[in-house]
Every structure is written in structure tokens, then in C-alpha cells.
**Q** 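Dropping a structure here in C-alpha cells format, bear with me for questions.
By convention in this document, chain letters (A, B, ...) are assigned in the order of the sequence lines, proteins followed by strands, and residues within each chain are numbered from 1.
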Amino acid sequence: MDTDRLAAGLHPLERKVLPLLAKTNSFSVIMKEAGLKDLEVMRALQWLQNKKIIGLNKEFREMVSLDTNGDKYKNHGLPERNFLKALEGKTALSEIAKKTGLEREEIGISIGALKQKAAINVGKEGSEPAAEITEQGKALLKKEWLEEKFLKKTFPVDVKSLSPEEKFALESLKKRREIVKVSVVKEVIPHLTDIGKKLIKSGVKSENVIESLTPEMLKSSTWKNKKFRHYDVSINVPKISGGKRHFVPQAIEYIKSIWLDLGFREMTGNYVQTAFWDLDALFVPQDHPARDMQDTFYIKDPSEGKIPAELSKKVKASHENGWTTGSKGWQYEWSEKEAKRLMMITHDTFLSAKTLASTKKEDLPIKTFQIMRVFRNESLSWKSLFEFHQVGGIVVDPNANFKHLKGYLKQFFAKMGFPDVRIRPAHFPYTEPSAEIDVWHPAKKQWVELGGCGIFRPEMVKPLLGFECPVLAWGIGLERTIMEYYGFQDVRDVYRNDLRQLRESKLWMK
Amino acid sequence: MPTINISRKVFEQLVGKKLPEDKLKDRISYLGTDLDEVNKDEIIVEIFPNRPDMLSVQGFSRAFSSFIGHKTGLRDYPVEKSGEKVIIEDSVKDVRPYTACAIVRGLSFDDEKIKEVIDIQEKLHITYGRHRKKIAIGIYPLEKIKMPIRYMAKKPEEIRFHPLEGKKEMTARQILEQHPTGKEYGYLLEGKKLFPIFVDANNQVLSMPPIINSHNVGKISEDTKDVFIECSGFDFSILKKCLNMIVTALYEMGGKIYSMELHYGGRKHTTPDLAPEEIKLDIPYINRLLGLNLNEAGAKKCLERMGHGCKSGKVLVPAYRTDILHQADFAEDIAIAFGYENFEHIIPNVATIGQEDRFEDFKNKIAGLLTGLGFIEASTYSLSNEQLQSSRMNLKIDAIRLSNSISQEYDILRAWMVPSIIEIFSKNKHHEYPQNIFAIGRVFSKDIREEAGIREADRIAVGICHEKSDYTGIRQVLDYLFSSLGMKYDVKEILHDSFIEGRVGRASVHGKEVAYIGEISPAVLENWQLTMPVAVFELNLTGLFEAMEKK
């Protein structure tokens, strides 16, 4: 790379640091001379290295610094000196402690150290342990010890720079508690490359380089005949984040657009319904296991809601004996009280029932869909939620048949990115035939179950609609597809509302 | 839903044909059962509740063998008369009024077979029998019983016998209080003055349904050859179906079925009755529903693969099938036999016009405005708890409770949205500020004018949280929303315990209150351990939309 281009691209920090490198390779000197903070020097050095103007060698150094006790002893003296100073004839240890303020542990250490140097004798004063200074002790008291000299140094200190005596003192202090710390420190040593040397030689001037364009320059045309500093356009920049919709509504919007494209009308409804709409209108018998307490959230107060009088008579008959549908019904006594119980909706199908109840013969054919939250009395875990979404739809068309059901689903899933769909026999109390919907997962190379479908039973349809008509119906889970798309392993992640996750999440694009 | 574990060896014997593993898996899935696992020794399948007749290895194999075309059509189960009687006394009328009974002879039991029988019994108890409430099943070694049998009800104090797996003879009360099975199912006899029992001619108690059999007379062993079977409950036709499922399974195990005479006062019934039910087949209806063009022979072939018989336009439905209520059920059986995979995908040419719900569209537009301002959307639950909704907000609210939530974390319906937003701030303290978020969600309040007695509305909560977040900052957002909607609004100061006094107001449109707005009180922030000021507004989108529509 030619040096002119390199020179033009130098950042102000680089311009300050680079000339200094001709004189020194010491980080601290560069900081001082350039008047920069260490982070700024570091950044300049890294940029210069990226441009191959300099090389950086890493060196590891053992550095000694003082620990808590080290600081204390540096200011107040070593405990053994204070101990020795406190001795007057035979002195009881408790007396020494009182005089010096030394802690028990420090007294012990002092005795050990002083005995080793033959500076004291240990005996008893009355019944108490006591110490007495020796002649050698007195001599010692007059001298400055190696450890004391060492503590006076300016820390941190490079181990390599220590004299043999200092090293000896360091070794003895290292054995004691929290006086010195030795740590390995990484240091970068810069050196100029050939390119760098050439660059310095040709001069790194900054007078005719524009860093940023200002309104003044534009007004006064002073930018003319000057050069702009070149940027490294390939660099990484700090991240920003903006407003974004949550991925659940994003997915819902997408799915909604598919059904709208296919000519379906959107339906909405309340989350609290009577069992009548959620279950009875769907021909689910009142002793069906799905109505058990463990699956369904019931409302405490109010616990009952109103049900439509005329319609409930037909539903009752349908359950009990099939009404006029030609069915036997479930053959039991239907309870109005049970049907009035209020609950959180357990599936979106209740809305299909309501849609049927408000549809007239002349409206046909109709196609409707809904995307709703539904509720199950389950504990929150990596694989289950108590509140999640279902995508449901119906086609009410006198000419509809089972093949059309497969056709609509295939269209929908193709747009969801799953061109291969299959259905398998299943069971739902309100559809016959009933089927499970699987899609072929191209990455996992297996069939994945995503919902259920079928043709509503006449025992359900006729009371609601007033006449018999095939009604194609389906219900598809949403969260599973979202987990799939965003690579979540834990379904709770869908509603974790972690800001980082939301800020960084990709858009829903199929 | 119940799963059954069946031995592959027994299964293959019963089916009479061995399929390669991938074919086996495929066929099980398309039969209308959910395959869990196939391994070297076992097949584990989930049986759907409409087919309790498949809850035994015998029943499942029977259905499978027909489905793959090996043994198709109605199976013949010969029943001979045993001449034995069961006398049903009037006393059971108010307790557990019906029983259906049978004898099966010539069985040879080993450990595995005994386990199979117990398994069938248990699976039927749990599912079709609704945990013994609708059906309780008893199977007894015939050689220990002296005929005739009486089914009667007595005062619990007068009932004494040695219960199965019990240590000694006990009274009925003791069984309910002390015996594990008694404790588990005792509630089914709660409040009954009399308890039902089966007694033989020697006055031996056989069992006390639906609780437990006798230890002496109610336990089959490897020496048992002949068994007496009874199903007791409240609906005679269901009991008969259940009995049919059991006796046909025992027949497939090698037994011979014998009927019994049931004396209900003056009326006599004979069970089991394995005669198929005859139902006329409506082929045009089925063809219309499935989009097929089957003739009678084609329909017959399909129905035979599902174990039915066919005779001159009528379907002979096996006596153990419980799920045929309507022609639609034949349609499903025919569709299964035809193969769901063999139906084409057809997109019919039906012209309808797609239409988005206008309120949903409105909510999306509001969300669009906020994301334009740099707000991040959160998605929150509609269920919550008292602590989050009320006490942490220094507020008393009359929330709507759930009666049976399994978790205290979510046992009320959300009354307002702000706590959902504050909770998010409290969980994201370690992330970068400023934090500007919003959430749209459902809130619930009591309202007797509504069909459910509960009013539901969608609201949006918008919150800003950073060092300088304040009333002005959040008010600007509200202003921007209203001016983008071309609407005027005004704000009046109110008192609200979750907010700083003098810094909270209520916003109205055309005199209708639609929002409150303000700075959250530091006491509330402390409750949430938040160390950053928060300003919020909560806007009733349902109310606002209604107000706009009226205009």
C-alpha cells in the first residue's frame, strides 16, 4: 500500500502516537508525551497494527504489588518491630498486645520471626506467657531490616528489576498473609514495521487533512484544496437498536395476511366464555375428560354466565338424543348449570361456533379465521405455557368436502414455508372425520405435528346454523412455529420479554 | 390420553401377519392411533377416547389386522348360554343401579396374561369408565363362586369382607378409611346410605363396586380357568358395550363366551349381547362429505377394513364399537380405510372476500406509530397475580379470580396493563438504557351488563425508563398518538396510589375517559427494586376505538 494513502487514512489518535514510536516503545512514555488516556493509546496502537504500520509484541511480566497488610505495615511498621519496641524487661504478652494494638495472630507471627532471629527469649511472667529482648534483639532494633527496605519501594514493581536482597525479602514476605501480591501482567510493546518507518520518514502531517466537515467550512469554502482523512470503511461500529414489534404480533400479521389473501374474514372474541360456547356448542359431552378441572381455568366470581335460551334447547337435544340430525347423541342428561360455568377459552374453536350461530343461509359460502390466545391450566415449563395462541379457521360451504380441507391447509402451509403437508386420523369430539396436521420439516427431515382439523359434526353444526352443511375446520398452534423460526429451545422464551433478545431479534420473514 | 404397551410377539400372533418395521409404523399412524414408539419387544400406542375397544392388545390387533386387509369384516364371536343367573335387588337402585355380566371359560392364565387382563380393566376404568364413576369392572375366578349371584346394597356397617391386597377382614367403612384403593375411590360412594355388593349363594362377598374385590373370591390366579365378569354403573347400554370389549378380548385369548341371565325385578336381560347393530348406510351423504365417488361395493370394502360387516345396504356395527352415532362416523371410518394420504388436495373455486377486523387493524396502526418513535413491543400474559397487579403497585384492586389455577403465579385475570410493563423494566435492569417499551393486551373487569358478567378490553401500556424519564417525556408520546389520529383530548389531574401525587392525570376524549398518565411513585419503584424513574400511560384502545366509531 502506498504511504500517501496510508497517511491520508490516519485517525487523529494515530497521528499523535505514530511519530512518538520513532523514539520509544514504552507505553507509559507514549501516554505521557501524547497526552492521551491508556485506552486511546491502545486503540491507536491496534489500528496501526491492523494497517501493518506497527507490530505489537506481547510480554508477560511478573509484577509485585502490596496487599492490605502490606499497605498497613508500610505505614505503621512491621508487627515484629512494634513487638520488639514494646519490650521492657520481661513483658507479659497481654501487656504487649495492649501497648502495640497487635492482633493475636500478629503476636504469634512476631514471636516466630523474632525467635528465629534470636532477638527474644520466651518465658513466663507469673502465670502468664511473656517475652524478653536479647542483646541481639537490641542490635537489631537499631538497624533497618531487608523487608522494611523492600516495603518502601514504589509499587507495582517488576520482579525482574529486583536486587538479590530484595528478592530474598520478597520471598520471605510472600510466605506471610496478605502482605504482597504477585501477578502476571500482559504488556504490549510496539515496534515500527518497514512500512511504519517509511511513513514516518515521509512525514505524518495533519495541517491539510480534514477530520470532519463543518457547516463553517461549507460556508467559507475552506474545504477546498484540502484532503479528507480516509476512513476504514470496513470497520465494525457500535450497535444501535430501534423500535420493533414483538415477534408474536409479527408472526400473527404474516399469518393473517395469508388468510386474507385466501379470501377469509377475520373474527375476534372474548377470552372468558361460558362452557356452553367453549364446549357444549361444540358437542363435547359434559363428562368429557377435556372438561376436567386440571385442564381448564374456571372463573371464581362471577362463576356463571348467560347462555342463549333457544339455542341451548337445541344443543341440549343434540347432546341427549341427536335432535333432528339423525344422530343418537351422547345419551345422557345435559345440564344447563354445567353449561353456564365461566372459563378461560381452551381453544379458538368456540369462535367458529359463534360464527356459525350468526351465519344465515344466504351468506354462504363463508370463510373465516381467527388468531386467538387460549388458556390451559398447566404449569409453566420449557415445553408448556398456560396461555398461548391458536390459528383457527372454517369454511362453510354446501359443496365443501374432505379434499378441500386438505387443499386449504396445503395452501396455507406452503405460504408458511412448509410445502409438504399430510394429515393423519385423529379424534376430536366435534369433528368427523378428524385429522392431525403434520408438515415436513426440511431441516429436521421429519414430520412435525402442527395442528388438528376436520369436518364439524352435524350434531354441532345443525343447532348453530339451523341447517346441515359441511363445515371444514382447523386449529393450528402458533408458538411452535415461532420457536422453530427463532431457534428457541424453551417455549417460555417466546414471552420472556428480555430487552436484549427483543432488540436483537430478526424480523419475521418467510 | 391413554397409551397401551403391547408385546410385539402377542401382537403379531393376533394380527396373523408380520409387517416390516417402517410399514408397521406407517400403518399404525394411519389407523387412527398415535404411535409413540416401536422397539424390539414392544409397541407403544396412544388410543383416542372414541375407540376404547382398542385399549387391549387383542382389540388393537383386531382393528389393525382388518385395517391392513388381513382379517377383514365382522368377526364372529359365538356366545353360549351358561344358564347361570345374577339377581339384581331393588336396593341398588339409588346407589349403582345396573350391572352387565358374563362368564368366559377355558382360559389358561400365566403371569403375562393375568397382567394383560388387569391392564384392560384399568385402561377401561380410567377412560371409558371415567375413573370408575361410569363403569367399575370386576373379574373373578368362577370356581370359587356358588351360583346364583346377587347384586344388592347394604348398610356399610353390615358389609364385612377381606379386601384385595388387604391384611384382614374389614367393614365397608374401614375399607374406605384405611385401604389405599378405598381411600382413592371412596368419594364415589360419598353420601350413600347403602353400599353396593356382589354376593354369591354362600353369602360370600365378591366385591364392593366401584371400590374393590374380595381377596378370597375376587382374584384370578394361574390356576383360574373360568371367570365371572361384571360391569356396574348407571347406564346399562354403556355397561353392555364395556362388557363386550372385555369378553371379546378374552375370547381372543382363547376363552369361550357364555351368557348370563340378569333378573331386574320382573324384567330379564341376557348379557353379553354380541349381535351387531344394523344401521342403514347413506352412501351419497358420505361421498359428498369426502369428495369421493364410491359405490356400494367400494364402501363395503372400506367398512370391512374397519371391522364392520355389510349386508344389503346396511352396516353391521360390531357390538364393542361405541363411537358410531351418525353417518358421519361411517364417513370417517371409510376415509381411514380409504387412506387419508390418498385424498387429493383440491383448492375449490369459491369466491369470498378477505376482510381484516377493523379493530385489529387499528391496534396494528397504533403499534406502528410507537415503533416509529423507537419503542420496543413486549408480549405479556393476560393472567397474573395479586402481588404484581395490586400490592406491588400500592393499590387495592378487585380482581377477577380463577377458581382452580394450579399456580399462584397466575390466579387472577389482569385488571390493568401498567404492572406488566413495570415487571419488564424490573427484569431488564442489566440492559442498556433508555428503555422505551409498550405492550398491548387484554384487561378484565366485572360488568353485569355483559353476557359473561365480565367486560374485556384491549389496552396499550407505554413506558419510558431512563435517568430523565418524566411526565413531559411520556405526555409527548400520548400527544403524538392523538395528533396522528387527528383527535383532541384533555387531561385532568387525579389521585392514583401508584403514581406520584400531582404528576398523574386522566385523559378523556369527547368526555369519555380513555387513559391515565403519569410518573410512577418511588415507593412503587422500590417495591419492584427499580432504581430508574419510570413514566407511563395506559390507553384503553377498545374505548378509544368505540369513541372514534361514534364520531
**Q** Chain B heavy atoms under 4.5 Å from A/Arg373: which part of the residue, side chain, backbone, both or neither?
**A**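 Side chain of A/Arg373 only, per the 4.5 Å heavy-atom cut-off to chain B.
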**Q** Under a 4.5 Å heavy-atom cut-off, does chain B meet the side chain of A/Leu385, its backbone, both or neither?
**A**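 When you check distances to chain B, only side chain atoms of A/Leu385 fall under 4.5 Å.
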**Q** Heavy-atom cut-off 4.5 Å, strictly under: side chain, backbone, both or neither for A/Glu468 against chain B?
**A**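 Interface part for A/Glu468: side chain.
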**Q** Give the member of B/Ile454, B/Leu383, B/Ile440 that has the highest number of heavy-atom pairs under 4.5 Å with chain A.
**A**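 Most pairs with chain A among the choices: B/Leu383.
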**Q** Quick one: which of B/Leu413, B/Asp282, B/Asp235, B/Leu370 has the most heavy-atom pairs under 4.5 Å with chain A, could you say?
**A**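 Going by pairs under 4.5 Å, I would pick B/Leu413.
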**Q** Tell me, for A/Trp447 versus chain B, whether the close heavy atoms (under 4.5 Å) come from the side chain, the backbone, both or neither.
**A**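 For A/Trp447, neither part sits under 4.5 Å from chain B.
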**Q** For the candidates B/Leu290, B/Ile347, B/Leu31, which exhibits the highest count of non-hydrogen atom pairs separated by less than 4.5 Å from chain A?
**A**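 Highest number of pairs under 4.5 Å: B/Leu290.
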**Q** Which label fits A/Phe297 and B/Tyr410: parallel for a plane angle under 30°, tilted from 30 to 60°, or perpendicular past 60°?
**A**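 Rings of A/Phe297 and B/Tyr410: perpendicular, over 60°.
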**Q** Relative to chain B, which segment of A/Phe264 carries a heavy atom at a distance below 4.5 Å: side chain, backbone, both, or neither?
**A**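 It is the backbone, since no side chain atom gets that close.
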**Q** Under 4.5 Å from any heavy atom of chain B, what part of A/Ser379 do you find: side chain, backbone, both or neither?
**A**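 Both backbone and side chain of A/Ser379 come within 4.5 Å of chain B.
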**Q** Considering only heavy atoms and a distance below 4.5 Å, find which of B/Glu432, B/Gln327, B/Lys427, B/Glu450 pairs most often with chain A.
**A**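 It is B/Glu432.
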**Q** Using a 4.5 angstrom heavy-atom cutoff, name the option from B/Ser407, B/Ser405, B/Ser29 with the most pairs to chain A.
**A**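 Of the options given, most contacts go to B/Ser405.
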**Q** Quick one: of B/Gly354, B/Ala378, B/Ser379, B/Ala452, who has the most non-hydrogen atom pairs under 4.5 Å with chain A?
**A**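 Maximum pair count with chain A is reached by B/Ser379.
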**Q** Between A/Lys256, A/Arg496, A/Arg422, which residue shows the highest count of heavy-atom pairs closer than 4.5 Å to chain B?
**A**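 Answer, by heavy-atom pair count under 4.5 Å with chain B: A/Lys256.
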**Q** Look at the aromatic rings of B/Tyr381 and A/Tyr495 and report parallel, tilted or perpendicular, splitting at 30° and 60°.
**A**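 Answer is tilted, since the angle falls between 30° and 60°.
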**Q** Taking the six-membered ring for Trp, is the centroid-to-centroid distance between A/Tyr430 and A/Phe283 below 6.0 Å?
**A**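 No; A/Phe283 has its ring centre 6.0 Å or more from that of A/Tyr430.
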**Q** Considering only heavy atoms, which portion of A/Lys403 lies under 4.5 Å from any heavy atom of chain B: side chain, backbone, both, or neither?
**A**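 It is both, since atoms from each part get that close.
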**Q** Considering non-hydrogen atoms only, spot the tightest contact between A/Phe350 and A/Asn270 and give its length.
**A**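 Where A/Phe350 meets A/Asn270 most closely, the heavy atoms are CZ-O, 3.4 Å.
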**Q** Does any backbone or side-chain atom of A/Arg500 lie under 4.5 Å from a heavy atom of chain B? Answer side chain, backbone, both or neither.
**A**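 Contact with chain B: backbone and side chain both.
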**Q** In terms of heavy-atom proximity below 4.5 Å to chain B, should A/Met344 be classed as side chain, backbone, both, or neither?
**A**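 The side chain, not the backbone.
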**Q** Classify the angle between the aromatic ring planes of A/Phe402 and B/Phe343 as parallel (below 30°), tilted (30 to 60°) or perpendicular (above 60°).
**A**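 Plane angle over 60°, so perpendicular.
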**Q** Measure from the ring center of B/Phe425 to the ring center of B/His431 and say whether it is less than 6.0 Å.
**A**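 No.
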**Q** Should A/Arg341 and A/Glu304 count as an ion pair when the cut-off is N to O under 4.0 Å?
**A**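 Salt bridge between A/Arg341 and A/Glu304, a charged N being under 4.0 Å from a carboxylate O: no.
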**Q** Is the terminal nitrogen or CZ of B/Arg442 (NZ for Lys, CZ for Arg) located under 6.0 angstrom from the six-membered ring centre of A/Tyr271 and within 45° of that ring's axis?
**A**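 The answer is yes; both the distance and angle limits are met.
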**Q** Please report whether the ring centroid of A/Phe375 lies less than 6.0 Å from that of A/Phe386.
**A**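 Here the rings of A/Phe375 and A/Phe386 have centres that are no less than 6.0 Å from each other.
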**Q** Where does B/Ser382 contact chain A at under 4.5 Å (heavy atoms): side chain, backbone, both or neither?
**A**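 Both the backbone and the side chain of B/Ser382 come within 4.5 Å of chain A.
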**Q** Answer yes or no: is there a side-chain heavy-atom contact under 4.5 Å between B/Pro49 and B/Thr127?
**A**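 B/Pro49 vs B/Thr127: side chains apart.
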**Q** Can you say whether A/Asn497 sits under 4.5 Å from chain B via the side chain, the backbone, both, or neither, judging by heavy atoms?
**A**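 Both parts, heavy atoms under 4.5 Å.
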